[in-house]
Number of protein chains: 2
Amino acid sequence: MVSSVDVAKLAGVSQATVSRVLNNPEKVNAPTLEKVKAAIQQLNYRPNAAARSLISRKSGIIALFCGQLDEPDNAEFANKAVMNAQQKGYTVEIHIQNPDKPESVFDAILDTQAEGIMMGPLIIKGTAVEYLKTSGIPYIFCGSGGGQEGITVGMDNHAAGKLAAEYISSLEPETVGWLGGDPSDLRLQERYQGFVEAMKESGVRIVKVTGDLEDIELPFTAMMAQKQRPDVIVAATDSFGIFALDFLYDYGYAVPEDVAVLGIGNSRQSAMNYLSLSSIGLPDDMDMVAEAFDRLSAMIENNGQGSRGSADVNPVVYERRTTKTY
Amino acid sequence: MVSSVDVAKLAGVSQATVSRVLNNPEKVNAPTLEKVKAAIQQLNYRPNAAARSLISRKSGIIALFCGQLDEPDNAEFANKAVMNAQQKGYTVEIHIQNPDKPESVFDAILDTQAEGIMMGPLIIKGTAVEYLKTSGIPYIFCGSGGGQEGITVGMDNHAAGKLAAEYISSLEPETVGWLGGDPSDLRLQERYQGFVEAMKESGVRIVKVTGDLEDIELPFTAMMAQKQRPDVIVAATDSFGIFALDFLYDYGYAVPEDVAVLGIGNSRQSAMNYLSLSSIGLPDDMDMVAEAFDRLSAMIENNGQGSRGSADVNPVVYERRTTKTY
DNA sequence: CCACTGAGTGAATACGTATTCATACGAGGG
DNA sequence: CCCTCGTATGAATACGTATTCACTCAGTGG
């Protein structure tokens with residue numbers, strides 16, 4: 001491995017000068033600057049990141065925590081987050097939650113040398129806050145809260161549930177099915193809460209079903225087998241909405257004539273023509289990840305201080321073909 | 001920051017002993033072992049990764065290069081790769097290619113301190129090999145080659161094209177449309193080549209259209225506007241196949257009666273009921289990413305030696321509703 | 001001509017850990 | 001009882017870089 005000492009020797013200067021060329025080029029005389037740069041070129045020298053971060057205490061790394069990327073919502077988030085970080089010159093260390101042992105991913109919080117931590121969509125995140133606090137690394141939750149103490153940027157999930165309730169009321173349903181996903185996901189809890197509260201007065205019957213995408217089929221089938229089956233389905237997540245569409249197609253239902261379906265999240269997929277899933281989501285012009293990232297980098301630069309507090313964005317309705325016949 | 005020296009002081013031992021407790025616990029006496037472990041607990045000590053990797057010359061990092069994660073194929077790849085790496089105790093550094101300046105992501109190859117590099121689906125990858133070589137870090141291409149010199153594990157793209165040709169011949173098409181994607185993607189070139197070679201004898205008319213997913217609409221529309229429009233469409237990628245389905249739906253075509261559609265890649269999405277896109281892909285029991293990762297870690301452990309050479313896996317046909325009426 | 005300034009540079013040091021080398025000590029064989 | 005050997009530990013060193021401190025030297029003002 002070629003070190004800054006090698007470069008110094010070749011250029012006939014001290015190692016300190018090489019370091020200055022890299023970090024404070026304005027502090028070194030033009031002729032020596034050129035000499036050193038030439039030596040760097042010639043030796044194809046690259047500074048050792050470990051040594052650099054050891055002394056400067058800056059790693060240039062952002063740690064990203066999120067759920068499985070085969071879930072399009074998660075992938076979309078990760079993509080935006082990484083692109084944002086890369087653009088600002090950070091390297092991204094990605095940690096993906098294993099659904100079988102969701103807590104284990106948080107160990108990485110304590111081992112990482114990242115300068116900032118971005119918490120994305122995760123199944124379980126409650127305990128993460130403890131880890132984050134003891135790590136002392138600036139962090140932010142994006143898209144869903146980490147409980148009371150998490151600094152969050154994201155959709156107001158309670159409002160989303162409420163909005164879903166208000167919107168589907170216009171469809172005059174008799175029975176509404178709530179397709180809920182993992183009940184330990186705080187985000188989904190909040191959505192359901194908002195939904196139920198807003199539905200309370202209407203007196204409409206509500207049926208709820210929860211579970212992972214993998215094992216939701218059976219309970220959902222049971223729900224549809226009831227005599228008084230839902231004529232509107234609200235999915236806590238677009239993915240569950242898509243699952244519902246898939247199921248309904250298979251079982252011979254017409255959407256939205258027999259059963260209307262509304263998702264939450266307004267993922268990219270939902271807007272595609274072949275799906276055209278109605279959904280509740282953030283306004284189109286709102287880039288949540290960028291917002292969160294700006295806050296996070298501000299926290300890093302201010303040494304963990306400032307820019308705290310959460311931002312809850314009000315969602316809007318995207319009406320598409322699964323709730324409306326044209 | 002609490003260091004191993006602090007732990008040593010508290011435990012009444014030397015720093016060297018603390019290090020031994022972490023790395024060679026069998027070399028330290030039971031009573032001292034306990035003392036040190038207790039001190040570690042008490043101080044909530046975590047070894048500094050930078051210092052550790054500076055001296056051990058092992059970072060425990062795998063660098064992952066791939067295309068945008070909003071493309072489901074890419075996301076699926078990234079997910080598998082990360083899960084594999086995490087399971088083996090590696091931390092994953094992810095680098096996503098910006099479509100606007102696809103080459104720029106390769107700079108990271110020279111700056112990274114990763115122990116191994118996994119090259120996934122990328123738009124352009126030809127020049128990457130040069131970077132990889134000068135970096136001296138073990139690397140592997142997964143899913144598509146990096147030219148002659150890349151070590152690759154993946155689907156035999158040429159064979160996939162050929163298989164696509166053989167399969168659609170059974171549909172007895174008059175005109176076949178090839179929906180090709182970015183022409184600089186080597187993977188897609190190979191698929192097309194295999195396809196054309198196998199079609200040559202049949203004398204069937206072939207129409208080809210290329211471009212990014214964003215700007216494929218116009219040329220595709222033009223293709224469908226021709227008098228002799230395709231009755232079978234082969235998409236170089238499932239994503240393009242899905243685009244085609246979306247388009248055909250919009251324009252009033254019946255699939256597969258009016259136009260049949262075949263994708264390549266057999267992505268997860270394609271198997272969903274609402275799409276049911278026929279596709280060419282790897283056998284179900286073949287986990288390409290795991291295979292690639294095994295090879296990569298072998299190369300890392302053998303210090304860059306051994307386990308070279310490529311593995312081209314033969315694809316199979318997944319026949320679904322976009323090519324077959326039941 | 002001298003004191004002073006400021007720019008440019010090198011020597012030395014620090015960062016936190018792994019490892020080598022040396023040392024102390026207890027056990028076992030003669 | 002002495003020598004040897006093996007085990008357990010500490011002191012010292014190395015990794016590659018950033019930064020502090022001290023030094024030189026040319027230029028300036030008195």
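All values derive from a computational prediction rather than experimental measurement. Residue numbers begin at 1 in each chain, while the letters A, B, ... track the order of the sequences.
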Nucleic acid contacts of residues 110-117 of chain B, taken as heavy-atom distances under 4.0 Å to DNA chain D: none

Intermediate values then yes/no, side-chain contact (heavy atoms from CB on, under 4.5 Å), A/M288 and A/L282: CA-CA 8 Å; A/M288 203 175 58; A/L282 293 178; 3.4 Å; yes

Start and end of the DNA chain C segment that chain B contacts, any atom under 4.0 Å from a heavy atom: C/dG16 to C/dT20

B/S19 backbone acceptor or donor facing B/N23 side chain under 3.5 Å: yes

Taking every non-hydrogen atom, the tightest pair across B/V105 and B/P102: CG1-O, 3.5 Å

Terminal axis angle for the helix from C/dC1-D/dG30 to C/dG30-D/dC1, five pairs an end, nearest 10 degrees: 50°

Ring pair (Phe, Tyr, Trp, His ring centres under 6.0 Å) pairs, two or more places apart, involving residues 65-91 of chain A: A/F65-A/H95

For A/S297, side chain to side chain donor-acceptor pair (under 3.5 Å) partners two or more places apart: A/K88

Inter- and intrachain pairs under side chain to side chain donor-acceptor pair (under 3.5 Å), touching residues 36-58 of chain B, at least two apart: A/D111-B/R46

A/I300 vs A/I137 side-chain heavy atoms within contact, under 4.5 Å: no

Residue pairs involving residues 13-42 of chain A (criterion ring pair (Phe, Tyr, Trp, His ring centres under 6.0 Å); sequence neighbours excluded): none

Atom NZ of A/K35 with >12 non-hydrogen neighbours under 6.0 angstrom: yes

Distance, nearest 0.5 Å, that separates CG of B/L296 from CD1 of B/I62: 5.0 Å

Distance (rounded to the nearest 0.5 Å) between A/D107 CG and A/Y131 OH: 5.0 Å

Reported CE-to-CG distance for the pair B/M1 and B/D6, which is rounded to 0.5 angstrom: 10.5 Å

For B/A290, all residues meeting side chain to side chain contact (heavy atoms under 4.5 Å, CB included), sequence neighbours excluded: B/N84, B/D287

Close approaches to DNA chain D from residues 35-47 of chain B, in residue order (heavy atom, under 4.0 Å): none

Of B/A30 and A/S3, the one whose closest DNA chain D nucleotide lies more 5': B/A30

Gap separating the OG atom of B/S4 from the CG atom of B/L43, nearest 0.5 angstrom: 11.0 Å

Side chain A/N74, main chain A/Q68, donor-acceptor under 3.5 Å: yes

Backbone of A/D100 reached by a side-chain donor or acceptor of A/N98 within 3.5 Å: yes

Proximity to DNA chain C (any heavy atom under 4.0 Å), residues of residues 50-60 of chain A only: A/L54, A/I55, A/R57

Side chain to side chain donor-acceptor pair (under 3.5 Å) contacts touching residues 112-121 of chain B (sequence neighbours left out): B/E93-B/T112

Residues from residues 10-22 of chain B lying under 4.0 Å of DNA chain D - heavy atoms: B/G12, B/V13, B/S14, B/A16, B/T17, B/R20

